[in-house]
Amino acid sequence: MAQQPHTPEPPVWDPSHQGTGSAPRSAGPRSAGSDWASGGTVFAGVLMLVNGLLAVLQGIAAIAEDDVYARLGDYVYEVSLTGWGWILVILGVVVAATGAGILQGAAWARAAGILLASLSLIAQFLFLPYAPLWSMIMTAIDFFVIWALATHHPKASPRT
């Protein structure tokens, strides 16, 4: 075979098929990091939905039976367990609704999700003496939700 000088060849693309396939992928604004954040956003929506439902159940348990959680001596942020129960029930319902909004792609849900995950994080910190392991797990989940919602920037859908 004869050696031919190497010249870069343009990509083979037939204009007659314009619009019938996808253009070659470029290293544009979408990268592996944004794919991670995109998947993380869906996961954050599911976590918020489940977290909200679990908070409702946790709140109902605190309202119904005061002996479900450990008794504390003097706690700086002491609130009656019935009060904590109502806080958790209300916060849980709103968090679950926001998680459903994130899964549906609602524009308001990302900012509301960050705000509610922050409130949930604070509530779990204050609930720490009553259920330490559960509160630490929920705090870690809230951190992830805040990260996922804050780093994902969906591209605007083209208007037709």
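The structure presented is a predicted model; accordingly, all values stated were derived computationally and were not measured.
- Rounding to the nearest 0.5 Å places CG of Leu121 at 12.5 Å from CG of Leu116.
- Contact between Gly101 and Ala109 at its shortest, heavy atoms only, is C-CB, 3.6 Å.
- To the nearest 0.5 Å, atoms CG (Leu47) and CG (Leu54) are separated by 10.5 Å.
- Note that the OG atom of Ser118 and the CZ atom of Phe143 stand 9.0 Å from one another [nearest 0.5 Å].
- Of all the heavy atoms in Ala55 and Gly92, the pair that sits closest is CB-CA, 3.8 Å.
- Nearest heavy-atom pair, Ala148 versus Thr41, reported as atom, atom and distance to 0.1 Å: O-OG1, 3.5 Å.
- For Ile137, the side chain to side chain contact (heavy atoms under 4.5 Å, CB included) partners are Leu133, Ile141, not counting sequence neighbours.
- Residues Ile90 and Leu126 are members of separate hydrophobic clusters, defined by side-chain heavy-atom contacts under 4.5 angstrom among Ile, Leu, Val, Met, Phe, Trp and Tyr.
- Between Phe43 atom CZ and Leu103 atom CG the span is 11.5 Å, to the nearest 0.5 Å.
- For the pair Ser120 and Leu91, the tightest heavy-atom approach, listed with the atom from each and the gap, is CA-CD2, 3.8 Å.
- Trp86 and Leu53 fall into different hydrophobic clusters, where Ile, Leu, Val, Met, Phe, Trp and Tyr side chains are chained together by heavy-atom contacts under 4.5 Å.
- Contacts of Ala112 classified as side chain to side chain contact (heavy atoms under 4.5 Å, CB included), with partners at least two apart in sequence or in another chain: Thr98, Trp108.
- Between Asp142 and Asn51, the closest side-chain pair of non-hydrogen atoms falls below 4.5 Å.
- Contact detail for Gly45 and Ile102: the closest heavy-atom pair is CA-CG2, 3.8 Å.
- With a 4.5 Å cut-off on side-chain heavy atoms, Gln124 and Leu88 count as touching.
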